[in-house]
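See structure below.
Throughout, protein chains are lettered first and strands after them, A, B, ... in sequence-line order, and every chain is numbered starting at 1.
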Protein chains: 2
Amino acid sequence: MPLLLLKDLPRYECLLEAAKEFPDLDPSASEVFLHLLRAGDEAYGVSDRNLVSHNISQGRFCVLMLLWRSVQSPAAKLLGPDCCVPGPRTPAELADAAGVTRATMTGLIDTLERDGFVKREPDPDDRRMMSVRLTPKAEEFLRKFLPEHFQITAKLMRTLTESERKTLVQLLNKISQQASVMLGAASEGAPAVVSGTQAV
Amino acid sequence: MPLLLLKDLPRYECLLEAAKEFPDLDPSASEVFLHLLRAGDEAYGVSDRNLVSHNISQGRFCVLMLLWRSVQSPAAKLLGPDCCVPGPRTPAELADAAGVTRATMTGLIDTLERDGFVKREPDPDDRRMMSVRLTPKAEEFLRKFLPEHFQITAKLMRTLTESERKTLVQLLNKISQQASVMLGAASEGAPAVVSGTQAV
DNA sequence: CTTTTATAGTTAGCGCCCTAACTATCAGGT
DNA sequence: ACCTGATAGTTAGGGCGCTAACTATAAAAG
């Protein structure tokens, strides 16, 4: 649960009241915003609680999943989309794929290596680079853990019908897209939004 | 942006592929889960970027908003729902309202006090307790900052129609409710879900 | 009145995020 | 060869979550 957020959200009427004082306040927009943050935080919390009970964190799990794509196993290949493209191996690639800084990735790899999930090896061609590999222990962990993880995800969404799920994804994508615009996603010439290329 | 999350989400077809390998994987559930986390993270990021540009963090902002309810000003009263109920004042009340531990709240108050947004005063009746108050600087900051904040929220949701917003809130509430169940929200006899009682 | 228990707040230490500064290596231009 | 600049990775230090252990005070039980 990463996010400090009010435990009880304001009622809609309160937002309406507040809007009288603050002309810029759009009650329904604020309502969506707060509910989105809360739902996201809670969903994260549900998943994270299970992770933590296995002595792993969200960030470390993410790294393991990324590295798994590089493992030469049928299961791993299925998870990768452009399946022939090799997964990330170097800290820089991992950081980029996970959307964190390299310094952060250094820390994650440090603890993963300390706990025996990962091994650093120097690149023979370029002595600046490292190559990160999963250990058998990590692969074993993932094979045991992932089914649990998927069950939890499925249970969390159980109360939504298929059509509701579809609607929800579309609406969330609208917000994501607008957020990208606002954060200035003026990166490469790519469409930039919802062009998924990674594993779970 | 608190959450380490894959920058590119897997395409739905990849989830379908992966489901062949993992019978527990519910593709549409995982899809919603990932999009929810990402949209929440991005919405958080949009808001946080503005906060940070004012040298304040999400957590500190949250504390300021909670304390604002205790200020004897018309604006503050409007934001509070059960408007007559005084807002939280002690670190324990603040921690409870914000859903963090008291240790965390101690740290937040420390930095807020250091930066001149807040003042700690001992309670004359119970010498264990402290009372936290906003400084004029903090009130001034909020009056200047909140309109910006509301504008950003409104802009983020601009692409959603009123009916889409309504739908989205309902669907998010379904997930929140299920998450509460799964996290074991078996606290008091209260209904426990969506019973908002706080300020923005 | 003394002992026990509960409560408020803090401190200490860890994880994971960040930025900024640093080292080592590589590649290009002269 | 020799600077220059780019790149890979790490280190240092800060913020803000957490848990666990601690101090001081208050309240309850004997």
Atom pair distance, as rounded to whole Å: CG in A:L51 and P in C:dG15: 15 Å

Give a yes or no on whether A:E140 atom CD has more than 12 heavy-atom contacts from other residues, nucleotides or ligands under 6.0 Å away. no

Of the nucleotides C:dT19, D:dG9, D:dC18, which has the atom closest to the B:T104 side chain? D:dC18

Are any protein N/O atoms closer than 3.5 Å to N/O atoms in nucleotides 25-27 of chain C? If there are, list each pair with its distance.
from, atom 1, to, atom 2, distance (Å)
C:dT25, O2, A:R128, NH1, 3.3
C:dC26, OP1, A:R127, N, 3.1

Could you give the CG-to-P distance, from B:D96 to C:dG9, as a whole number of Å? 12 Å

When you compare the side chain of B:E13 with that of B:E17, does any pair of heavy atoms fall below 4.5 Å? no

Where the side chain of A:M129 is defined as all heavy atoms beyond and including C-beta, which of C:dT19, D:dG9, D:dA20 is the nearest nucleotide? D:dG9

Residues touching DNA chain D, which here means a heavy atom under 4.0 Å, drawn from residues 111-124 of chain B: B:T111, B:R114

Kindly give the heavy-atom pair with the smallest separation between B:L16 and B:P27, and that separation in Å. CD2-CG, 3.8 Å

Against the side chain of B:R102, the closest entry in C:dT10, C:dA20, C:dC16 is C:dT10

Residues two or more places apart in sequence or in another chain: which of them pass ring pair (Phe, Tyr, Trp, His ring centres under 6.0 Å) with B:F145? B:H54, B:F61, B:F141, B:H149

Is it true that B:R165 and B:E162 have a side-chain N and a carboxylate O under 4.0 angstrom from each other? yes

Among A:R120, A:K119, A:R60, A:R114, the one residue meeting side chain to side chain contact (heavy atoms under 4.5 Å, CB included) with A:I109: A:R120

note: A:N55, atom CG; D:dC18, atom C1'; distance rounded to Å ~ 14 Å

Please confirm whether the backbone N or O of B:M157 pairs with a side-chain atom of A:Q178, one donor and one acceptor, at under 3.5 Å? no

With sugar-phosphate meaning primed atoms plus P, OP1 and OP2, does A:T106 contact a base, only sugar-phosphate, or nothing at under 4.0 Å between heavy atoms? base

Residue B:R60, side-chain heavy atoms: nucleotide from D:dC16, D:dG17, C:dC17 that is nearest: D:dC16

Rounded interatomic separation in angstrom, taking OH from A:Y44 and P from C:dC16: 9 Å

For atom CE of B:M105 and atom P of D:dG15, their distance in whole Å: 17 Å

Do B:N173 and A:R38 have side-chain heavy atoms sitting under 4.5 Å apart? yes

Measure the distance from CG on B:L108 to P on C:dG9 and round it to the nearest whole Å. 14 Å

Criterion side chain to side chain contact (heavy atoms under 4.5 Å, CB included) against B:M105, the qualifying member of B:T90, B:V100, B:D96: B:V100

To the nearest Å, how far apart are A:D110 CG and C:dC16 P? 11 Å

In this structure, how many angstroms lie between the P atom of D:dG15 and the CG atom of B:D48, rounded? 15 Å

Closer than 4.0 Å, any side-chain N/O of A:S57 to the OP1 or OP2 of C:dC16? yes

